[in-house]
Amino acid sequence: RNELNLFEQFNIVNALSRDYANIISISLTTQTIKPIKLSGYIPNSYMENFSEDSTYESFSSGYVAERVYSEDRAFMQKAIAFDTVTEKLNEKDEYSSSYRIEENGEIHFFEFKFMKLNSSTVILGVMNIDRIVNDAKEKEKLIVLSQTDRMTNLLNRVSGESKVAEHLKNGDGGFFILLDVDHFKSFNDTYGHGVGDQVIISVANALKAAFREHDIVFRLGGDEFSAYAADVTTKKIANQIISRFIEKLEKIVIQELGDRTITASIGATIIPSGTPVNFAEKYKL
């Protein structure tokens, strides 16, 4: 690898300083450190005993013990050990990872980044990434919400159908069912919409329990539902799934219904794997 010139080294440090709260220079020959930028989350032991000869080992061990969240300490002790850092930087120009900091009883997300400036110097940048993590969580939450039926917490029609269609287009085949609740309108008319909602939620839970966690179970709308299991290809297993669902239906208890039972009409098909299939055709079938 070609050695970076002084101008390139300056640009790297300058770029890091815009985003990273702490930047520290590490000598590969003496294993000592010098601060370039310090603005929080520095171990007290380092600040109290700082000298030009402070070692990377004393800094890193203090940092892990005093700042790193307890569940991440074992990982960090290994991740930022001097030997680990030099080994990683021999493989790539940069070495980074995320971890958590504990400060005043609060958990914060951080990233460390090591970069080799020249044959004798490495710089370490430490950055708070709370906003990035929170933005990612918020984005994931919005995606989940957009794919979820609010009443039942199953997938909604658009999301469920698109997932099944993708499997069938890839030739996965599998077991596909459609169902609706028998005489559902009478539940609403006789007992009120609140009880009707309880029926919908109970049927959704029964269907979800009959299938497996990785199967695609979704609400089409109203009292209609669908489910798909990509790796179920025999009538025997398909019958077992439907039997489980019917057993769950028979065990539903809604106080307002008294002795009235909930039943459903089910259409099912087993789709052979190996050949791409049009979802709309199988839905109609």
Side-chain angles (χ1 to χ4, degrees), residues 136-170 172-232 237-271 277-285:
K137 288 181 177 178
E138 186 64 24
K139 182 179 179 181
E140 179 64 25
K141 184 166 66 175
L142 290 173
I143 292 172
V144 170
L145 285 174
S146 70
Q147 295 178 343
T148 304
D149 175 70
R150 300 298 178 86
M151 180 184 291
T152 62
N153 287 324
L154 299 180
L155 293 172
N156 59 30
R157 181 171 194 151
V158 172
S159 178
E161 288 188 351
S162 66
K163 290 177 184 293
V164 177
E166 185 67 22
H167 275 281
L168 298 185
K169 186 174 71 174
N170 292 333
D172 293 339
F175 176 49
F176 178 56
I177 74 169
L178 298 173
L179 68 92
D180 59 23
V181 179
D182 293 332
H183 314 297
F184 177 70
K185 185 176 182 298
S186 68
F187 287 109
N188 283 333
D189 292 346
T190 306
Y191 305 99
H193 287 273
V195 173
D197 289 349
Q198 290 185 59
V199 171
I200 292 296
I201 293 169
S202 298
V203 172
N205 290 338
L207 186 61
K208 189 172 183 179
F211 281 80
R212 298 155 303 179
E213 187 174 352
H214 64 275
D215 293 331
I216 300 169
V217 182
F218 55 106
R219 183 185 180 196
L220 294 169
D223 64 318
E224 298 180 326
F225 298 87
S226 185
Y228 169 78
D231 53 353
V232 173
I237 298 177
N239 278 331
Q240 290 173 352
I241 294 172
I242 292 178
S243 295
R244 278 202 304 268
F245 171 61
I246 293 172
E247 288 173 7
K248 303 288 184 184
L249 278 187
E250 292 173 345
K251 293 179 180 178
I252 291 174
V253 176
I254 298 175
Q255 187 175 357
E256 290 85 349
L257 295 183
D259 294 332
R260 183 171 176 179
T261 57
I262 301 170
T263 60
S265 297
I266 305 168
T269 183
I270 295 175
I271 304 163
V277 173
N278 181 274
F279 171 77
E281 293 178 0
K282 291 302 175 183
Y283 184 92
K284 185 177 179 181
L285 176 65

(message) When you compare the side chain of Val203 with that of Ile262, does any pair of heavy atoms fall below 4.5 Å?
(response) yes

(message) If we check side chain to side chain contact (heavy atoms under 4.5 Å, CB included) with Tyr228, which of these qualifies: Phe176, Phe211, Phe175?
(response) Phe176

(request) Kindly indicate whether the side chain of Ile200, heavy atoms from C-beta on, has any atom under 4.5 Å from the side chain of Met151. (result) yes

(message) So does Phe187 get a backbone contact from the side chain of Thr190, meaning a donor-acceptor N/O pair under 3.5 Å?
(response) no

(request) Answer whether the closest heavy-atom distance between the side chains of Val199 and Ile254 falls below 4.5 Å. (result) yes

(message) Please check this pair: side chain of Ser159 against backbone of Asn156, looking for a donor-acceptor N/O pair closer than 3.5 Å.
(response) no

(request) For Lys185, check salt bridge (charged side-chain N to carboxylate O under 4.0 Å, His left out) against everything at least two apart and list the hits. (result) Asp189

(request) Indicate yes or no for a side-chain donor-acceptor contact from Arg219 to the backbone of Gly222 under 3.5 Å, with no hydrogens or angles considered. (result) yes

(request) Output, in order, the C-alpha distance, side-chain angles, deciding distance and verdict of side-chain contact (heavy atoms from CB on, under 4.5 Å) for Lys163 and Leu155. (result) CA-CA 10 Å; Lys163 290 177 184 293; Leu155 293 172; 3.7 Å; yes

(request) Could you list the residues that satisfy salt bridge (charged side-chain N to carboxylate O under 4.0 Å, His left out) with Arg260, not counting sequence neighbours? (result) none

(message) Please check this pair: side chain of Asn278 against backbone of Ala280, looking for a donor-acceptor N/O pair closer than 3.5 Å.
(response) yes

(message) Is a donor from one side chain sitting under 3.5 angstrom from an acceptor on the other, for Thr152 and Asp149?
(response) yes

(request) Taking all non-hydrogen atoms of both residues into account, name the closest pair between Asp182 and Ala264 and its distance. (result) OD2-N, 3.4 Å

(message) Between Ser265 (side chain only) and Asp180 (backbone N and O only), is there a donor and an acceptor less than 3.5 Å apart?
(response) no

(request) Could you tell me whether a side-chain N or O of Asp215 sits under 3.5 Å from a main-chain N or O of Arg212, the two making a donor and an acceptor? (result) yes

(request) Keeping the roles fixed (side chain from Asp223, backbone from Val181), state whether a donor-acceptor pair exists under 3.5 Å. (result) yes

(request) Taking side chain to side chain contact (heavy atoms under 4.5 Å, CB included) as the test, write out the residues that go with Lys208, two or more places apart. (result) Leu154

